[in-house]
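Structure record follows, encoded as structure tokens.
The shown structure was predicted, so the numbers you read here are calculated from the model rather than taken from an experiment. These numbers come from the heavy atoms of this one structure, side chains and all, not from hydrogens, waters or symmetry mates.
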Amino acid sequence: MLKSFITPLFICFFSFVFLQQGVAQSNAAAIMARKQVPVLCYHQIRDWRPTDSKTAKDYIIPPAAFREHIKMLHDSGYHSILPDQLYDYLTKGTPLPDKPVMLTFDDTDIDQWDIARPELKKYGFKGVYFIMTVSLDRKPHYMSKEQVKTLSDEGNIIGSHTWDHHRFDKLSHTSTMKILGKGGKIILKPTDDWVTQLDKPTKQLEDITGKPIKYFAFPFGVTGNGSNFPELHKRGFKLAFQLADKRNPNDPLMTVRRILDSGYWTAKSFGNNLRHSF
């Protein structure tokens, strides 16, 4: 009697699991089929220095180039969108404004407050700021908690970018942290990276903004093979942003593509790259 009851129960359970997997795969296929929306990524906004390497310059855009590119977006009829709009478009097909573009900023650099904020406000644009919480209040190079709160209050979106920029694909529940002990002795302390790099920083940003943090950007743009994506899902993140690599077809919401806006580009070449990269 018990066996005859348990067998149908297992059949129902596994049928539900397979149905859910099928729905997820169907949804992923539908998301992959939608036209990608241009998403730009910025880090430092400052003039290049003689000591900057070629690789460093890829992540630094001079203020004059930044202002020229943002003006081009406005003059060309682009409209800035925020992650909630992108999520609704990807998952439900909710229409977006004509010529949508998302402007994202990583690492909490003070240039984003001093230069990007007034430039975006000039044209009625909003941005998404992915905050590395270890840098908060570290003047003069990084933003303060109060500045992050102001950005949020002004209608911009604050997202998580880990505590100190550890690679996402290297995070583990069973990691170790090096601590300097007495007499200069190095002590290895067991630690859970997900608490250190995701849970605590996200909670801190929620305390600062008074709002839930539902969006994440991968440090270095590196996602790994997707095996750690469940850690984002179970924490309720709706979208995660990488750089220009191909999306993961099994989880496109966790691999939203962005391109770096290059200081080498003229306004014309910037526009061409924006159109042809997505």
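In plain terms, the two heavy atoms of D137 and E146 that are nearest each other are OD1-OE1, 4.0 Å. Taking both residues in full, the closest heavy atoms of P38 and P100 are given as CD-O, 3.5 Å, listed atom of the first, atom of the second, then distance. Residue A244 comes nearest to I259 through the heavy atom pair CB-CG2, 4.3 Å, listed as atom of the first residue, atom of the second, then distance. Taking all atoms of both residues into account, the shortest heavy-atom contact from H69 to D261 is ND1-OD1, 2.8 Å. Scanning all heavy atoms of the two residues, the minimum distance from Q147 to I110 falls at OE1-CD1, 3.6 Å. Taking each heavy atom of T209 and S152 in turn, the nearest pair found is CB-OG, 3.6 Å.
Between the side chains of Q197 and D164, at least one donor N or O lies within less than 3.5 Å of an accepting N or O. Judged by distance alone, the side chains of S172 and T174 do bring a donor and an acceptor atom under 3.5 Å apart. Side chain to side chain, H141 and D111 fail the donor-acceptor criterion of an N or O pair below 3.5 Å. D109 and H43 share no side-chain donor-acceptor pair at under 3.5 Å. Judged purely by distance below 3.5 Å, without hydrogens or angles, the side chains of T202 and R235 never pair a donor atom with an acceptor atom.
Using cut-offs of 30° and 60° for the angle between ring planes, the H165 and H161 rings count as perpendicular. Taking the six-membered ring where tryptophan is involved, the planes of F218 and F168 are perpendicular, since the angle between them exceeds 60° and thus also 30°.
Cation-pi check for K214 over F237 is not met; the charged atom does not lie both under 6.0 angstrom from the ring centroid and within 45 degrees of its normal. Taking the ring centre of F220 as origin, the terminal cationic atom of R167 falls outside the region bounded by 6.0 Å and 45° from the ring axis.
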**Report entry** side chain to side chain contact (heavy atoms under 4.5 Å, CB included) between T150 and R117, worked out
**Finding:** CA-CA 11 Å; T150 298; R117 174 177 174 259; 4.0 Å; yes

Query - Intermediate values then yes/no, side chain to side chain contact (heavy atoms under 4.5 Å, CB included), L274 and L73 - result: CA-CA 10 Å; L274 191 64; L73 291 175; 3.5 Å; yes

Query raised in the report: Yes or no on side chain to side chain contact (heavy atoms under 4.5 Å, CB included) for V39 and V101, after CA distance, side-chain angles and deciding distance?
Result: CA-CA 6 Å; V39 183; V101 64; over 6 Å; no

Query raised in the report: Passes side chain to side chain contact (heavy atoms under 4.5 Å, CB included), F130 versus T104? Steps please.
Result: CA-CA 7 Å; F130 291 107; T104 70; 4.0 Å; yes

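In this structure, K71 and E119 have side chains that are not in contact, with every pair of non-hydrogen atoms separated by 4.5 Å or more. Contact check for L136 versus I208: side-chain heavy atoms found under the 4.5 Å cut-off. For the pair V134/T162, no side-chain contact is recorded, criterion being any heavy-atom separation below 4.5 Å from C-beta on. Taking 4.5 Å as the limit, some side-chain heavy atom of L239 sits within range of a side-chain heavy atom of L86. Side-chain contact between N273 and W265: present, with at least one pair of heavy atoms (C-beta onward) separated by less than 4.5 Å. Proximity of F125 to I70: side-chain heavy atoms (C-beta onward) are separated by under 4.5 Å at one or more points. Looking at Q204 and K200, their side chains never come closer than 4.5 Å, going by heavy atoms from C-beta outward. Within the 4.5 Å cutoff, no side-chain heavy atoms of Y215 are placed close to those of I158.
Between K126 and E154 there is no salt bridge, since no side-chain nitrogen of the basic residue lies less than 4.0 Å from a carboxylate oxygen of the acidic one. For the pair D207 and K203, the salt-bridge criterion is met [side-chain N within less than 4.0 Å of a carboxylate O].
Follow the hydrophobic side-chain contacts under 4.5 Å out from V37 and you reach V256 in the same cluster. Hydrophobic clustering of Ile, Leu, Val, Met, Phe, Trp and Tyr side chains at less than 4.5 Å, counting indirect connections, unites M72 with I45. In this structure, F270 is not a member of the same hydrophobic cluster as W48, with clusters built from ILVMFWY side-chain heavy atoms closer than 4.5 Å. In this structure, I115 is a member of the same hydrophobic cluster as Y123, with clusters built from ILVMFWY side-chain heavy atoms closer than 4.5 Å. Residue Y87 is grouped with residue I157 when hydrophobic side chains (ILVMFWY) are merged at heavy-atom distances under 4.5 angstrom, including chains of intermediate members.
Taking CE of M254 as the start and CG of N228 as the end, the distance is 12.5 Å to the nearest 0.5 Å. With rounding to the nearest 0.5 Å, the separation of OH in Y89 from CD in Q36 is 9.0 Å. Rounded to the nearest 0.5 Å, atoms CZ (R46) and CG (D52) are 4.5 Å apart. In this structure, L243 CG and R257 CZ are separated by 10.0 Å, a value rounded to the nearest 0.5 Å. Taking CG of L151 as the reference point, atom CG of L120 lies at 10.0 Å (rounded to 0.5 Å). Residue D192 holds its CG atom at 10.0 Å from CG of L198, rounded to the nearest 0.5 Å.
Checked against a 6.0 Å centroid threshold, the rings of F216 and F241 do not count as neighbours. No close placement of the W113 and Y129 rings is indicated, their centers lying 6.0 Å or farther apart.
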Please tabulate, for the side chains in residues 59-68, all donor-acceptor contacts under 3.5 angstrom to protein atoms that are two or more places apart in sequence or on a different chain.
none

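At distances below 3.5 Å, at least one donor-acceptor pair connects side-chain atoms of Q242 with backbone N or O atoms of D245. Proximity of a side-chain donor or acceptor of D193 to a complementary backbone N or O of L171 within less than 3.5 Å is not detected. Using modelled atom types, one side-chain atom of H79 and one backbone atom of D98 make a donor-acceptor pair closer than 3.5 Å. Checking side-chain atoms of T133 against main-chain N and O of P201 turns up no donor-acceptor pair under 3.5 Å. One N or O on the side chain of T255 and one on the backbone of D251 form a donor-acceptor pair closer than 3.5 Å. Under the 3.5 Å distance criterion, the side-chain polar atoms of Q85 are left unmatched by any main-chain donor or acceptor of P97.
In the displayed structure, K211 atom NZ is contacted under 6.0 Å by more than 12 heavy atoms of other residues, nucleotides or ligands. Within a 6.0 Å radius of CZ in R138, other residues, nucleotides and ligands contribute 12 heavy atoms or fewer. More than 12 heavy atoms of other shown residues, nucleotides or ligands fall within 6.0 angstrom of atom NZ in K99.
A search for side-chain contact (heavy atoms from CB on, under 4.5 Å) contacts involving S135 returns T108, M132, Y142, not counting sequence neighbours.
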